[in-house]
Participant: 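I'd like to ask you about the structure that follows.
One-based numbering, in listed order, for ligands and for the atoms of each.
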Amino acid sequence: IHSDSWCVRYKADLEDKYTRRLSITTELKRALISQQNELSMVYQPKIDLQTMKVCSMEALIRWNNSVLGFVPPDEFITIAEQAGLIEQVTSWVMKQTISDLAYFREKGYGFTVAMNLSTQDIQNKVLLTKLVSLLTEEGLSPEALELEITESDLVADASLAIENLNELTARGFHFAIDDFGTGYSSLAYLKNLPVKTIKIDKSFILSLASDENDQQIVRTVLSLANVFNLKVVAEGVEDAASLDILKEWGCDIVQGYYISRPLSCADLESWLQNTPFG
Ligand code: C2E
Ligand code: CA
Ligand code: CA
Ligand code: CA
């Protein structure tokens, strides 16, 4: 009876997972072609610790679906990758983000915008060519954009990804390594890649003010990054104490709820007019 009920529960769990995955896939396909504004971009400010001013915005996707409600990006991006939908999602993100960036540049703001690319995007020439032409159409240079990729993107299929990385760098694009510290690669390895920036994963930053292990790790990353001439962004800064520590230890840029949550374009505009970091 025991193993039977376990088995039933296990099967039900699998069915739940499968059903959710299927409805995410179906609804996402619909969302990508619908005119309902289900998908949107929000922007989270990054502050340069030397000037204490906004230097960049990370572009983050949001999806609000009438059937599924709010679906977290971590969840649907992973499913989109597996379902062969990521090219369409990233295309949508590129178009929206670059058009928003052009809008803010027109208003006189000089910040860069950081876009997240997933593993498959780095290997997709068609997508990368599209990126270049979208920028050209808006009269923006690649320097206006930063591209965030994770370490695993480079380890998974190194050769093509690195080839594309080098090509885009030659064109003036900048890359940042996201979620640094959660993967396997080291700063020494990054030295051979055209990467100028690392983002320390928020899991090391969230409790920085109270956790001595995190402090040890972050201090080590910062001093090594200094040796390798890498810029360091700390994400997940939620309090003043963490910001002060990071500033003291020579971190370059911070991002987190302490500065601001990710904001819609409209909210960002009013935030920019009222913030002491503006
Ligand atoms: P990520 O690239 O590491 O993005 C940072 C995440 O940390 C965001 O979650 C952001 O809202 C959250 N965050 C920022 N500051 C704080 C803080 O102070 N405390 C806490 N607890 N969290 C903070 P979000 O927006 O839910 O995105 C999750 C992940 O989904 C992203 O992680 C990224 O991997 C993926 N993602 C989001 N948008 C896109 C996109 O447009 N394209 C792709 N390929 N992936 C995306
Ligand atoms: Ca990111
Ligand atoms: Ca991250
Ligand atoms: Ca991530």
Participant: Would you say Y18 has more than 12 foreign heavy atoms packed within less than 6.0 Å of its OH?
Facilitator: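 Open: at most 12 neighbouring heavy atoms sit under 6.0 Å from OH of Y18.
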
Participant: Check each of E235, R261, K202, Q120 against atom 6 (C) of ligand 1 and report the one with the nearest heavy atom.
Facilitator: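 Heavy atom nearest to atom 6 (C) of ligand 1 belongs to K202.
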
Participant: Considering only heavy atoms, which of I61, L60, I77 lies nearest to atom 8 (C) of ligand 1?
Facilitator: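 Looking at heavy atoms only, the winner is L60.
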
Participant: Look at ligand 1 and say whether P72 reaches it with a heavy atom at a distance under 4.0 Å.
Facilitator: no

Participant: Do other residues, nucleotides or ligands put more than 12 heavy atoms under 6.0 Å from the CZ atom of R171?
Facilitator: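 Count not over threshold, so no.
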
Participant: Near the Ca ion (ligand 2), is there an N/O/S atom from E235 that is less than 3.0 Å away?
Facilitator: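 Under 3.0 Å: E235 has no N, O or S contact with the Ca ion (ligand 2).
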
Participant: Do F104 and V113 have side chains that get closer than 4.5 Å, going by heavy atoms?
Facilitator: no

Participant: Does atom CD of E143 have more than 12 heavy-atom neighbours from other groups under 6.0 Å away?
Facilitator: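 More than 12 within 6.0 Å, yes.
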
Participant: Can you tell which of S203, P73, S242 gets a heavy atom nearest to atom 37 (C) of ligand 1?
Facilitator: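 The residue whose heavy atom sits nearest atom 37 (C) of ligand 1 is P73.
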
Participant: For the Ca ion (ligand 3), give me the closest N/O/S atom belonging to D179, just the atom name.
Facilitator: OD1

Participant: Where the Ca ion (ligand 2) is the centre, what is the OE1-to-OE2 angle for E148 and E58, rounded to 10°?
Facilitator: 80°

Participant: Above 12 or not: heavy atoms from other molecules or residues under 6.0 Å from CD of E75?
Facilitator: yes

Participant: Counting C-beta onward and ignoring hydrogens, is there a side-chain heavy-atom pair between I61 and M41 closer than 4.5 Å?
Facilitator: yes

Participant: Quick one: does T97 get a heavy atom under 4.0 Å from ligand 1?
Facilitator: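 Heavy atoms of T97 never come under 4.0 Å of ligand 1.
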
Participant: Are side-chain N/O atoms of E146 and S56 paired as donor and acceptor at under 3.5 Å?
Facilitator: yes

Participant: Taking 3.0 Å as the cut-off, does D178 contribute an N, O or S atom near the Ca ion (ligand 2), distance below it?
Facilitator: yes

Participant: What is the minimum heavy-atom distance between R105 and F111, and which atoms define it?
Facilitator: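 Between these two residues, the closest heavy atoms are NH2-O, 2.8 Å.
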
Participant: Any atom of ligand 1 sitting under 4.0 Å from a heavy atom of Q255?
Facilitator: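 It does not; every heavy atom stays at 4.0 Å or beyond.
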
Participant: Would you say M115 touches ligand 1, if touching means a heavy atom closer than 4.0 Å?
Facilitator: no

Participant: Tell me whether D178 has any N or O atom under 3.5 angstrom from an N or O of ligand 1.
Facilitator: yes

Participant: Quick one: which of N116, T78, V42, I86 has a heavy atom closest to atom 43 (C) of ligand 1?
Facilitator: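 Going through N116, T78, V42, I86 one by one, N116 has the nearest heavy atom to atom 43 (C) of ligand 1.
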
